[in-house]
Amino acid sequence: MADQVIALKRDSSPPPDERNFRVKYAEVLNPAQLEAVRHREGPLLVIAGAGSGKTRTLIYRVARLIESGVPPAAILLLTFTRRAAQEMLRRAGHLIGDRSQGVAGGTFHSFAHLALRRFGAPIGIQPNFTILDRSDMEDVVNLLRTRMGFASREQRFPKKRALAEVVSMARNKSRALEAEIEADFPHLREHAGDILRLAASYEAYKHEHALLDYDDLLCRLAELLRTDQPTRHRLSDTYRYMMIDEYQDTNLIQAELVRLLAAAHHNVMAVGDDAQSIYSFRGANFRNIMEFPALFPGTKVVKLEENYRSIQGILDVANEVISLAREKYTKVLFTRREGGFRPLLVRAQDEHTQSRFVAQRVLELREEGVALDEIAVLFRSSFHSFDLELELQRRDIPFIKRGGFKFIETAHVKDLLAHLRVVANPADAVSWLRILMLIRGVGSRRAERLVETVVDSADPATALAAAAKAAGKAESELGRLSGLLAELRASARPAEQIAIVLNYYLPLMREAYPDDYPKRERDLEHLQAITERYRSLESMLADMALEPPNDSIGDVLAIDPDEGYLTLSTIHSAKGLEWKVVFLIWAADGRFPGPQSASPEDLEEERRLMYVAGTRARDELYISYPMYMFDRAMGYVMGRASRFLEGVRPEVLPTAVLEEAAEEPLDGEGK
DNA sequence: TACAAGTAAGTTTTT
DNA sequence: CTTACTTGTA
């Protein structure tokens with residue numbers, strides 16, 4: 001190490017090597033954090049309450065490992081989003097410089113993707129496989145559903161969405177499909193036999209066309225590691241120090257992946273909070289984190305209970321919400337942050353009054369000097385913010401929305417990418433169908449036949465041109481498509497390839513969407529800009545499937561405001577984040593929890609979700625709900641506060657009834 | 001036979 | 001608002 005470092009001032013005798021460390025760990029971490037950061041070999045479980053410095057602990061441990069001489073490339077940091085991994089490595093970089101960039105980091109899915117591309121051959125995985133996102137999966141399921149004759153029979157057969165749901169859930173819970181139907185979808189029991197047959201064809205179809213869905217990425221990596229010893233050893237030797245964030249939201253397959261990857265060394269640090277487990281719909285079970293010590297005997301457990309984020313008033317609400325849970329959790333948060341502010345339960349007249357309250361308070365906060373990017377509005381379901389979005393637009397308050405619909409899933413973006421996907425993987429029948437059906441005169445029937453001839457040929461463009469001869473009036477269009485594909489194969493830069501597709505696709509799009517094609521064009525330009533940084537088509541397509549750009553900036557706003565954006569987010573997408581001021585809207589029974597939360601387990605998870613929402617706030621927390629809300633079945637009904645707030649004492653969460661603001665006309669130009 | 005248009009129903013959360 | 005299935009047209 002080139003830099004001479006000043007020795008620690010503290011009298012306590014640090015381990016000898018600590019003297020040379022640039023970071024003074026003992027001075028900036030609390031005892032529990034320090035214990036976790038100093039841990040070096042063997043399994044470690046950190047139970048970290050909300051705001052207890054969990055991320056900080058991970059970052060400092062990365063830094064300390066590297067300072068202790070561990071090569072960065074031997075560290076694997078698995079997080080819930082890649083963004084989280086990048087952010088952590090960036091912060092670690094502030095501590096120890098750019099050595100942190102050598103750390104391998106990402107999500108389980110992105111890690112599995114890379115591993116399978118490079119080492120998947122022993123279990124029959126082609127390196128150019130295509131990743132199916134959820135809607136691609138549904139497309140395939142739907143195709144098979146029709147092909148197998150389940151579409152137009154008298155008996156009602158489940159829709160593609162439900163089918164994809166069951167199939168995926170079974171895998172995420174590591175259950176046989178039959179058992180999954182019995183357990184979570186008993187109403188589909190009568191179709192169990194057909195669903196099983198459909199699922200089998202789905203597996204065969206994916207295999208035949210080099211397609212892997214999200215679940216395959218995890219399951220097949222587990223398969224690879226189980227069955228192929230050289231690969232297991234290779235990966236386990238490469239990543240000698242593993243760190244896993246948000247462990248409470250992992251499922252059994254992910255736990256198995258961890259076990260297999262760590263087989264050679266058991267150097268695993270898992271970090272999580274059982275009270276913040278909110279992904280059971282993805283097969284996660286908060287008990288997994290409790291069973292970590294059983295998976296790795298000899299696990300050291302460290303608890304972080306001091307909260308550095310929120311003032312006590314906010315923690316009081318969160319603690320009371322979670323204390324009424326049926327399962328008891330492992331810790332109670334406390335803070336030394338004093339502050340007079342009490343969170344407020346705001347009862348609004350109706351949804352629009354709620355929106356205007358939020359908008360107005362946001363403007364007041366801005367007057368008080370709180371930047372917009374220090375404020376967030378959270379909600380249970382992404383459509384809950386629709387009315388608020390209109391109100392914010394009306395008042396020129398810039399915002400970004402996280403979670404919910406992604407622009408990557410809109411038809412025009414999928415169309416565009418499908419043209420590139422067939423170039424990367426000519427066997428990708430889903431994408432072939434998609435781009436063929438865009439052509440006038442080609443419907444599902446003809447498209448399927450064309451796919452059959454094209455998929456197995458060595459030169460798809462030529463095969464397509466040959467097949468087009470028999471296609472009647474669609475011939476010339478198919479010829480153009482063939483030309484396009486040839487042109488795409490000749491180009492190497494993704495952004496350039498997108499430009500080539502745009503040239504072909506934009507006219508088709510204008511015809512297909514005469515109402516709003518300008519907006520869609522802007523989306524595609526945005527996409528082109530995003531893809532400018534990619535050098536390989538494969539990596540670009542993989543990123544689009546695994547880490548899609550989902551911050552859809554409100555399309556009204558063309559320019560970046562200096563003061564940043566107000567954040568609108570689902571609670572799920574707000575996980576791990578924090579803001580100075582948080583609004584939680586639609587905290588009403590019937591919305592949060594929603595009507596689909598029926599079982600006690602579902603409700604417990606909703607309660608944890610409420611806990612997550614509340615603990616995102618540092619200084620101010622406003623929870624609101626409308627007194628009258630519209631119900632599709634019953635018209636306007638009286639709204640009640642969420643049941644999770646009922647047990648919270650009024651001293652801890654006082655209620656304010658919202659008076660109509662006088663300066664504002666009731667009927668704005670919204671709607 | 002194959003495609004396009006029209007009508008009717010269902011809707012969380014995410015990799 | 002999207003998706004599914006029926007009916008209408010070439």
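Predicted model only: the values in this text are computed from it and were never measured. When reading the values below, keep in mind they use all heavy atoms of this one structure, side chains included, and skip hydrogens, waters and symmetry mates. Each chain gets a letter, A, B and so on, in the order its sequence line appears, and its residues count up from 1.
A straight line from CD of A:E246 to C1' of B:dT15 spans 14 Å, rounded to a whole angstrom. A:K160 places its NZ atom 16 Å from the P atom of B:dG10, with the value rounded to the nearest Å. Atom CG of A:L450 and atom P of B:dA2 are 12 Å apart (whole Å). The interatomic distance linking A:L438 (CG) with B:dC3 (P) rounds to 14 Å, in whole Å. Distance, A:W586 CH2 to B:dT11 C1': 15 Å, rounded to whole Å. Straight-line distance from the CG atom of A:D543 to the C1' atom of B:dT15: 13 Å, rounded to whole Å. One can place CG of A:L163 at 15 Å from P of C:dT3, the figure rounded to the nearest angstrom. The distance from atom CE of A:M169 to atom C1' of B:dT15 is 13 Å, rounded to the nearest whole Å.
A donor-acceptor pair under 3.5 Å is formed between the side chain of A:R145 and the backbone N or O of A:F157.
Neither side chain, A:Q393 nor A:E391, offers a donor N or O lying under 3.5 Å from an acceptor on the other. Defined by atom type and a distance below 3.5 Å, a donor-acceptor pair is missing between the side-chain atoms of A:N288 and A:N251. Residues A:E605 and A:S280 have side chains that bring a donor and an acceptor to within less than 3.5 angstrom of each other.
Considering only residues two or more places apart in sequence or on other chains, A:D387 meets the side-chain contact (heavy atoms from CB on, under 4.5 Å) condition with A:E351, A:H352, A:S355. For A:R380, the salt bridge (Lys or Arg N to Asp or Glu O under 4.0 Å) test picks out A:E606, with sequence neighbours left out. With sequence neighbours left out, A:F80 forms a ring-ring contact (aromatic ring centres under 6.0 Å, His included) with A:Y279. Residues satisfying the side-chain contact (heavy atoms from CB on, under 4.5 Å) test with A:L577, not counting sequence neighbours, are A:R402, A:W579. Annotation: ring-ring contact (aromatic ring centres under 6.0 Å, His included) contacts of A:F292 (sequence neighbours excluded): A:Y247, A:F296. Remark: A:K173 engages A:M169, A:R175, A:E180, A:D184 in a side-chain contact (heavy atoms from CB on, under 4.5 Å) (not counting sequence neighbours). Judged as a side-chain contact (heavy atoms from CB on, under 4.5 Å), and not counting sequence neighbours, A:L114 has no contacts.
For the segment residues 410-417 of chain A, no residue has any heavy atom less than 4.0 angstrom from an atom of DNA chain B.
The residues A:E538 and A:R117 are annotated as not salt-bridged, no charged nitrogen and carboxylate oxygen being separated by less than 4.0 angstrom. With respect to the salt-bridge test (charged N to carboxylate O, under 4.0 angstrom), the residues A:E165 and A:R134 qualify. With respect to the salt-bridge test (charged N to carboxylate O, under 4.0 angstrom), the residues A:K54 and A:D245 qualify.
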Report each atom pair, protein N/O against N/O of nucleotides 12-14 of chain B, whose distance is under 3.5 angstrom.
| from | atom 1 | to | atom 2 | distance (Å) |
| --- | --- | --- | --- | --- |
| B:dT12 | OP1 | A:R161 | NH2 | 3.3 |
| B:dT12 | O2 | A:R380 | NH1 | 2.9 |
| B:dT12 | O2 | A:R380 | NH2 | 2.1 |
| B:dT13 | OP1 | A:S382 | N | 3.0 |
| B:dT13 | OP1 | A:S382 | OG | 3.1 |
| B:dT13 | O4' | A:R380 | NH1 | 3.3 |
| B:dT13 | O2 | A:R380 | NH2 | 2.9 |
| B:dT14 | OP1 | A:T570 | OG1 | 3.2 |
| B:dT14 | OP1 | A:S573 | OG | 2.9 |

Scan nucleotides 4-7 of chain B against the protein and return all N/O pairs shorter than 3.5 Å with their distances rounded to 0.1 Å.
| from | atom 1 | to | atom 2 | distance (Å) |
| --- | --- | --- | --- | --- |
| B:dA4 | OP1 | A:G441 | N | 3.4 |

Kindly give the atom pairs (protein nitrogen or oxygen, nucleotide nitrogen or oxygen) under 3.5 Å for nucleotides 8-10 of chain C.
none

- [ ] For DNA chain B, produce a single dot-bracket line, 5' to 3'. Pairs: Watson-Crick or G-U wobble, both distances under 3.5 Å. Symbols: ( ) within strand, [ ] crossing, | other strand, . unpaired.
- [x] ||||||||||.....
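Residue A:R449 is classed as a sugar-phosphate contact, given heavy-atom separations below 4.0 Å to backbone atoms only.
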TODO: Let me see the working for A:F286 and A:R608 under side-chain contact (heavy atoms from CB on, under 4.5 Å), right down to the final yes or no.
DONE: CA-CA 11 Å; A:F286 70 93; A:R608 291 192 293 269; 3.8 Å; yes
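Of the options A:I131, A:D136, A:I435, A:L416, a side chain to side chain contact (heavy atoms under 4.5 Å, CB included) to A:R421 is made by A:D136 and by none of the others.
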